[in-house]
Number of protein chains: 2
Amino acid sequence: MPVDRVIDAAVELVDEVGPAEFSMRLLAKRLRSSTATLYRHFAGKDEILVHVVDHVLGEVPRHLPDMADTSTWQERLVASAEALFRTLKEHPKVVSLFDNHVPLGPRGLAGREAAIGILLSSGFPPEVAASAYTAVAHYVIGFASQLRADGTTGPEENQDIREFYRSLDPARYPATVTSAPFLPNSLDDEFRFGLQLIVDGLAKQLTGPAGRTHHR
Amino acid sequence: MPVDRVIDAAVELVDEVGPAEFSMRLLAKRLRSSTATLYRHFAGKDEILVHVVDHVLGEVPRHLPDMADTSTWQERLVASAEALFRTLKEHPKVVSLFDNHVPLGPRGLAGREAAIGILLSSGFPPEVAASAYTAVAHYVIGFASQLRADGTTGPEENQDIREFYRSLDPARYPATVTSAPFLPNSLDDEFRFGLQLIVDGLAKQLTGPAGRTHHR
DNA sequence: ACCTGAACACCGTTCAAGT
DNA sequence: ACCTGAACACCGTTCAAGT
C-alpha cells in the first residue's frame with residue numbers, strides 16, 4: 001500500500017464528494033483495502049487531509065506562465081496569485097481544507113518562497129515582503145473559499161445573486177440595490193480587480209512610503 | 001421551544017466545541033430536549049448553522065466606533081473591516097462556516113449595505129464599489145480563516161511559525177529565511193497592513209484611474 | 001510483518017408511539 | 001398539536017484474530 005497511491009485516491013475522493021462526505025471507509029473501499037490498513041500508514045483522517053492540501057499545492061506551478069526576466073514584479077506577483085487561484089478552482093472542494101492551518105508542507109513552502117523572492121529581488125524590504133505575501137495569500141484563500149463547492153462556477157451563479165440583490169427593498173438597502181446591476185459577471189473579474197488593488201497599494205509602498213511607516 | 005433559544009445555544013456550542021464536534025445530539029442535550037424536536041423547527045443541521053453565521057454577524061455593530069461625519073471614507077472602510085475581523089476573532093470556530101456561501105441573511109446584508117454605502121457616498125462609481133466590497137470582504141474572511149481554531153491567538157503562535165521558517169535550509173528557501181525574522185508579532189498587525197494596501201489601491205482608483213479601467 | 005472483520009462509541013435524520 | 005425513544009444507515013478509530 002504505497003503512500004502516494006493513498007494520497008492520489010484521497011484527492012480524487014475529496015474532489016468528487018467533498019470533505020464532508022469524505023470518509024476513511026469510502027477511501028478504503030476505493031483502494032480495495034480496509035480502514036485499519038489506512039491507519040497503519042497514517043495517524044488518521046486529518047493527517048491524510050493535510051497531504052491532500054499539499055498535493056493540490058503541487059499543481060500550482062503548472063498554472064504559472066514562464067516569465068521573461070523583463071517581467072515587472074507586479075506581473076509576476078499577479079501571475080503567482082492567479083496560478084494559485086486557478087489551481088483552487090480546479091479543486092473547489094479542497095479549499096475549505098486550507099482553514100485553520102498555514103500550509104507548511106514542501107509545496108506550500110515553495111509557493112511562499114517564490115512569492116517572497118519576487119518581492120525581495122524587486123527592492124522591497126523583508127518586513128514588507130513577508131506581510132505582503134500574507135496579505136495576498138489570505139486574499140486568494142478568502143476568494144477561493146467562496147467558490148461554489150458544488151461545481152457551479154458559471155456566470156448563472158453570479159446572475160442569481162445579482163437578481164437577489166436587485167430584488168431587495170431599495171428603502172432598506174439603497175446602496176446594495178444601486179450597485180447590484182454592476183456586479184461583475186464572473187468571479188474571475190472580481191478576483192483580478194481586488195488583486196490589482198493590493199498590487200497598486202504595494203507599488204505605493206515601494207515608490208513613496210513618505211509619511212507612511214510599516215505596521216503603525 | 002423558541003427559535004432564538006435554539007440559535008443562542010447553537011452559537012454557544014459551536015464556540016465551545018467547533019463545527020466538527022457540533023452535533024444535533026449535543027445541541028438537543030444542552031436544550032434538555034431531543035433531536036426530533038429540533039427537526040420540528042429547522043430543516044436540519046445546515047440550516048441551524050446558517051442561523052449561527054447570521055447571529056454572529058449581528059455582533060459586528062458592537063465593534064464599530066461611532067464615526068463623526070468628518071471621517072474619511074478610508075477611516076470608515078477600515079473601521080468596518082476591523083469590526084468584522086474583531087467579531088470573527090471572538091468566534092474563531094465559527095469562521096469556517098463562512099465557506100461556500102455568501103451570507104445573505106439580514107445581518108450579512110446590513111454589512112454589505114453599510115460598506116457599499118460608504119463607498120458610493122464618497123464618489124466611487126457603483127461598479128467599483130461593488131467589487132471593492134467583495135475584495136475587502138474576502139480579504140477579511142481569508143485572514144480570519146487562519147485564526148487558530150483552538151483559541152491560541154497569542155503572539156507565541158506567530159513566534160513558533162517564525163522559528164520554523166528561520167530553521168529552514170537557507171539554500172533551498174533563501175527568501176523565506178531572509179524574511180522570517182521580520183514577521184510581525186501579531187496577526188492584527190498583518191491584517192491591518194494588508195487592509196491598508198487595499199485601501200491605498202482604492203484611493204488610486206478614485207484620484208487617478210487614468211489609463212486604468214475597471215475590469216479591462 | 002502485514003492485513004482484516006468486527007466491534008465501540010459516536011453521527012444526521014426519521015417515525016411510530018405517547019401525551 | 002407537540003414531543004420523544006428507538007431505529008436506520010452511517011461515521012472515526014481500535015484490536016483481536018488471521019495469513
Peer 1: Which is more 5' along DNA chain D, the nucleotide nearest B:Thr35 or the one nearest A:Arg25? Just name the residue.
Peer 2: B:Thr35
Peer 1: By nearest heavy atom, map B:Arg32 and A:Glu21 onto DNA chain D; which one lands nearer the 5' end?
Peer 2: B:Arg32
Peer 1: So if I take every side-chain heavy atom of A:Arg40 and compare against D:dC3, C:dT14, C:dT4, which nucleotide ends up nearest?
Peer 2: C:dT4
Peer 1: Closer than 4.0 Å, any side-chain N/O of A:Ser33 to the OP1 or OP2 of C:dC3?
Peer 2: no
Peer 1: So, is B:Ser34 near the phosphate of D:dG5, with a side-chain N or O under 4.0 Å from OP1 or OP2?
Peer 2: no
Peer 1: Check the distance between D:dC11's P and A:Tyr39's OH and give it to me in whole angstrom.
Peer 2: 12 Å
Peer 1: Report the distance from atom CG of A:Leu38 to atom P of C:dC2, rounded to the nearest whole Å.
Peer 2: 15 Å
Peer 1: Could you tell me whether the side chain of A:Phe85 reaches within less than 4.5 Å of the side chain of A:Asp188, counting heavy atoms only?
Peer 2: yes
Peer 1: Separation of B:Lys29 atom NZ from D:dG5 atom C1', in whole Å?
Peer 2: 15 Å
Peer 1: So that I can tick it off, tell me whether A:Lys89 and A:Glu82 are bridged by a salt bridge, with the cut-off set at under 4.0 angstrom between side-chain N and carboxylate O.
Peer 2: no
Peer 1: Check every strand shown and say whether B:Ser23 touches a base, only sugar-phosphate, or nothing at a heavy-atom separation below 4.0 Å.
Peer 2: sugar-phosphate
Peer 1: Could you go through the side-chain contact (heavy atoms from CB on, under 4.5 Å) check for A:Gln74 and A:Gln196 one step at a time?
Peer 2: CA-CA 9 Å; A:Gln74 285 98 327; A:Gln196 190 61 49; 5.7 Å; no
Peer 1: Under a 3.5 Å cut-off for both distances, is D:dG12 Watson-Crick or wobble paired, and to whom?
Peer 2: C:dC8
Peer 1: Describe the nucleic acid contact of B:Phe42 in one word from base, sugar-phosphate, nothing, applying a heavy-atom distance below 4.0 Å.
Peer 2: nothing
Peer 1: Strictly by Watson-Crick or wobble contacts shorter than 3.5 Å, is anything paired with C:dT19, and which nucleotide is it?
Peer 2: D:dA1
Peer 1: Side chain of B:Thr37: nearest nucleotide among D:dT4, C:dT13, D:dG12?
Peer 2: D:dT4
Peer 1: Counting only side-chain heavy atoms from C-beta out, which of D:dC15, C:dT13, D:dG12 sits nearest to B:Lys45?
Peer 2: C:dT13
Peer 1: Please work out whether the ring planes of B:Phe191 and B:Tyr139 are parallel, tilted or perpendicular, with thresholds of 30° and 60°.
Peer 2: parallel
Peer 1: Measuring to OP1 and OP2 of C:dC3, would you say a side-chain N or O of A:His41 lies under 4.0 angstrom away?
Peer 2: yes
Peer 1: Whether the B:Glu59 and B:Thr87 side chains hold a donor-acceptor pair (N or O, under 3.5 Å, no angle test) is what I'd like checked.
Peer 2: no
